[in-house]
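Worksheet for the structure shown next.
Just so you know, these numbers come straight off a predicted model, no measurement behind them.
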Amino acid sequence: MRSSRPRLRAGLAWAATLPLVAGALALGVQTAGADTGPAGRDTLHGTKPLWATQKADRGSTPDANRVTARVYLAGRDSAGLARLAQEVSDPSSASYGRYLSARQAAARFGPTADQVARVTAWLKSAGLKVTGTHQHYLTVTGDTAAVEKAFSTQLHNYAKGGHTYRAPVATPSVPDSLDGAVLTVTGLDNAPHKASHDDTLPPPDAVFRNAGPFSTYFGSKTDKSLPSAYGSKASYAIKGYTGTQLRAAYGAKDFTGKGVTVAITDAYASPTIAQDAATYAKRNGDKKYGRGQLSQVLPADYNSTEECGASGWYGEETLDVEAVHAVAPDADIVYVGGASCFDDDLLDSLGKVVDGRLADIVSNSWGDLESNETPASAAAYDQVFQTGAVEGIGFYFSSGDDGDNVVSTGTKQVDMPANSAWVTAVGGTSLAVGKKNTYQWETGWGTYKANLSADGRSWTDFPGAYTSGAGGGTSVTVPQPFYQRSVVPGSLAKANGTTPMRTIPDIAAVADPNTGFLVGQTQTLPDGTQGYDQYRIGGTSLAAPVIAGVQALAQQARHGLPIGFANPGIYQRYGTSAYHDVTDHPLGAGRQLAVVRNDFANSTDSADGILTSLRSLGKDSSLSAVAGYDDVTGVGTPAAGYVNSYRHR
């Protein structure tokens, strides 16, 4: 698959126009060795990429080509792991909340020393070199001929998206004498392969600033001289919501997340995160960080910094940390950075959280297209998520910032890992918080942009073109999980055929950069120096840590008992006062909403002029926020009753 290339969620969907770059049982269990392959061998489920078709075949990969792969170990009982993960997560189960410790999980489900030894011996006998042994996988290298021998499949080159990549011709298999010890193998395909080497992290990106005027709360400032839209004058976009406003909107009350730990995974690490977070809290009325409240777990080395745009990830970490703290000011935060933005390195970060039981809640604002995911990598991710579930750890992934992805890819599809049945996919909204921090309404996040005409008398090509919106839709690879039955409409679950499939998102929070969050970060100023500055930002990169913060409040309300994998409980509350049921027309049918926004032409100051535009709300590609469950906001956003609903459960 991408053996690595989750996209940073929309440059976090900046408040300016930037490219969106860098998401068996009813839960789709992957079981090693369940199918018999060639005589004496067990097939590894679904390791052949969907794009490796006969039509795209460009011939054999040369025998001497070098291949690096990861052989993931299934452990003692992969099917049992999935069953227990469901049982401890389902409020209707007698085993609900009876989690294992990390040590207990490893002892019950992890690979044995004998399994590791047998898999290692087999790999070496096939002519492969084992270059690394990890608790969950073995890293191997060898030439094409050795790999083909080991996994009983040829490797061919295939055309994909204007490039040529390597992939197996048939589904790989392993000797049945290994007794199902191998879960899957990643790296047989190389779409794309990126060279890895030690790099020094680059300095922060160039400064970005918002141009005013601003509303201090939604609708507080309007320029009557600007053209009308939808029969009235649109107010200016807010300067950026703060923790006080978000906590009020989502029912925080007196809960602060005390006693709960939230982990954040992203690639790389901002070198100024501690001072930026402290400065932001001081300036914006958030509680001061306590000693050790914010910590980091970082890799020894980084790689692929240019390919991944390392400095762009600094803002992602900053947003995630500051948003979690703003919503849950007493929660501990541990940032677990990946060595790159590639699958292998991000999987390692997630694995660190699970193996060390570092947190109760994990916020993840990254992902890629489902079409770029291989079943092999999906199996590796799901093993981590299932292990986390049995330990009482919940994973939250942003659903994406390109709506149905048709505009950006030409194909209607969802993002991964948000498509996994074992994570909570977080969609996005446009949020109106009024005077005295009063929740007014939300729409699904989806934006049309129309620029002010040269004479200032109209909005050009009103309502304008689609720019961005919350990701959502129906998976083509993941079956519908049990918790979505009877909630997700058949028209969505069966959007791709007759079989009900996983539909995302599950829940939502503010994401629209036009009604976004104020963030503070050290950036590179025009004169080349570095300094702290603040700007408005959005994207489902914001929604994910906001929901993670709300979940920290809910866990505190539960007297500190971990919520774990949250989806069964989230859907159990569907249709209750726990949620705002978000629609694209909260003020009534036919009533449209918009804001006016000013942007510096050079993203920094007024030297090159100011660009004025109208941003229409609730216009998410082909997706719509409607009454009930929808594929923009899921079951809705947390209302005043949400956190309280966890009090005595």
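- Considering only residues two or more places apart in sequence or on other chains, Ser622 meets the side-chain hydrogen bond (donor to acceptor under 3.5 Å, both in side chains) condition with Asp404, Lys412.
- A side-chain N or O of Tyr642 and one of Gln551 form a donor-acceptor pair less than 3.5 Å apart.
- Checking side-chain atoms of Arg573 against main-chain N and O of Gly569 turns up a donor-acceptor pair under 3.5 Å.
- Side-chain N or O atoms of Ser458 include none that pairs as donor or acceptor with a backbone N or O of Thr460 at under 3.5 Å.
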CA sep, side-chain torsions, deciding dist, call: Asp205, Gln521, side-chain hydrogen bond (donor to acceptor under 3.5 Å, both in side chains): CA-CA 10 Å; Asp205 279 345; Gln521 179 189 3; over 6 Å; no
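- For Ala263, the side-chain contact (heavy atoms from CB on, under 4.5 Å) criterion is met by Val334, Val353, Ala359, Val362, not counting sequence neighbours.
- Remark: Phe255 engages no residue in a ring-ring contact (aromatic ring centres under 6.0 Å, His included) (not counting sequence neighbours).
- Checked by atom type and distance alone, the side chain of Asn210 pairs as donor or acceptor with a backbone atom of Arg536 at under 3.5 Å.
- Using a 4.5 Å cut-off on side-chain heavy atoms (C-beta onward), Tyr335 and Ile273 make no contact.
- Using cut-offs of 30° and 60° for the angle between ring planes, the Phe395 and Phe385 rings count as tilted.
- The shortest distance between side-chain heavy atoms of Arg597 and Phe214 does not fall below 4.5 Å.
- In terms of the side-chain hydrogen bond (donor to acceptor under 3.5 Å, both in side chains) criterion, residue partners of Ser475 (sequence neighbours excluded) are, by chain and number, Glu370, Thr477.
- For the pair Asp415 and Asp368, the minimum side-chain heavy-atom distance is 4.5 Å or more.
- For Asp605, the CG atom is densely surrounded, since the number of other residues' heavy atoms within 6.0 Å is greater than 12.
- For Asp360, the salt bridge (charged side-chain N to carboxylate O under 4.0 Å, His left out) partners two or more places apart in sequence, or in a different chain, are Arg357.
- Between the CG atom of Asp630 and the OG atom of Ser624 there is a distance of 8.0 Å, given to the nearest 0.5 Å.
- Side-chain atoms of Thr503 never come within 3.5 Å of backbone atoms of Thr474 as a donor-acceptor pair (strictly under, hydrogens ignored).
- Between Tyr448 and Arg615, every side-chain heavy-atom pair lies at or beyond the 4.5 Å cut-off.
- Minimum heavy-atom separation, Ile563 to Ala554: CD1-CB, 3.7 Å.
- Looking only at atom types and distance, the side chain of Asn284 has no donor-acceptor partner in the side chain of Asp286 under 3.5 Å away.
- Atom CD1 in Ile537 sits 7.5 Å away from atom CD in Glu316 (nearest 0.5 Å).
- In this structure, the salt bridge (charged side-chain N to carboxylate O under 4.0 Å, His left out) partners of Asp533, at least two apart in sequence or on a different chain, are Arg209.
- Taking both residues in full, the closest heavy atoms of Trp459 and Ser613 are given as CZ3-C, 3.7 Å, listed atom of the first, atom of the second, then distance.
- Of all heavy-atom pairs between Pro586 and Leu593, the closest is CG-CD1, 3.8 Å.
- Between Asp276 and Thr272, the side chains place a donor N or O and an acceptor N or O closer than 3.5 Å (distance only, hydrogens not considered).
- Taken from OG in Ser215 to NZ in Lys239, the straight-line distance is 12.5 Å, to the nearest 0.5 Å.
- The line from CG of Leu492 to CG of Asp631 is 5.0 Å long, rounded to the nearest 0.5 Å.
- Judged by distance alone, the side chain of Gln245 and the main-chain N or O of Asn437 form no donor-acceptor pair under 3.5 Å.
- Side-chain contact annotation: Asn567 with Gln484, donor-acceptor N/O pair under 3.5 Å absent.
- Of the possible polar contacts, none joining the Trp313 side chain to the Gly337 backbone as a donor-acceptor pair under 3.5 Å is found.
- Here the closest non-hydrogen pair linking Thr429 and Thr633 is CG2-CG2, 3.9 Å.
- Remark: side-chain polar atoms of Thr540 are paired, donor with acceptor, to backbone N or O of Gly400 under 3.5 angstrom.
- Between Tyr236 and the options Thr216, Asp223, Thr222, a side-chain hydrogen bond (donor to acceptor under 3.5 Å, both in side chains) holds for only Asp223.
- In this structure Tyr280 satisfies the ring-ring contact (aromatic ring centres under 6.0 Å, His included) test together with Phe517, sequence neighbours excluded.
- Under the salt bridge (charged side-chain N to carboxylate O under 4.0 Å, His left out) criterion, Lys253 pairs with no residue, sequence neighbours left out.
- Across Ala470 and Ser399, no two heavy atoms sit closer than the pair C-OG, 4.4 Å.
- Considering every non-hydrogen atom in both Ala548 and Ile361, the closest pair reads CB-CG2, 3.8 Å.
- Looking at heavy atoms from C-beta onward, His325 lies in side-chain contact with Tyr289 at the 4.5 angstrom threshold.
- When side chains are defined from C-beta on, Leu246 does not count as touching Val550, because their heavy atoms never get closer than 4.5 Å.
- Note that the CG atom of Leu226 and the CG atom of Leu614 stand 9.5 Å from one another [nearest 0.5 Å].
- A donor and an acceptor atom, one from each side chain of Asp320 and Ser363, are nowhere located under 3.5 Å apart.
- Separating the CG atom in Asp401 from the OG atom in Ser541 is a distance of 6.0 Å, to the nearest 0.5 Å.
- Tyr268 has its side chain within reach of Cys308: a pair of non-hydrogen atoms, C-beta onward, lies under 4.5 Å apart.
- Residues passing the side-chain contact (heavy atoms from CB on, under 4.5 Å) test with Ser228 are Lys233, sequence neighbours excluded.
- In terms of the salt bridge (charged side-chain N to carboxylate O under 4.0 Å, His left out) criterion, residue partners of Arg502 (sequence neighbours excluded) are, by chain and number, Asp506.
- Remark: Ser371 pairs with Gln413 by the side-chain hydrogen bond (donor to acceptor under 3.5 Å, both in side chains) rule, at least two apart or across chains.
- Residue pairs meeting the side-chain hydrogen bond (donor to acceptor under 3.5 Å, both in side chains) criterion with at least one partner in residues 574-596, sequence neighbours excluded, are Gln592-Lys619.
- Between the side chain of Ser270 and the backbone N or O of Thr318, no donor-acceptor pair lies under 3.5 Å.
- Under the ring-ring contact (aromatic ring centres under 6.0 Å, His included) test applied with Tyr571, the options Phe565, Tyr483, Phe482 reduce to a single match, Tyr483.
- Although no hydrogens or angles enter the test, the distance criterion places a donor-acceptor pair under 3.5 Å between the side chain of Tyr241 and the main chain of Leu431.
- In terms of modelled atom types and a separation under 3.5 Å, the side chain of Thr524 and the main chain of Ala206 share no donor-acceptor contact.
- With contacts defined as side-chain heavy-atom distances shorter than 4.5 Å, the pair Thr256/Gln556 qualifies.
- The ring of Phe218 has its center closer than 6.0 angstrom to the ring center of Trp441.
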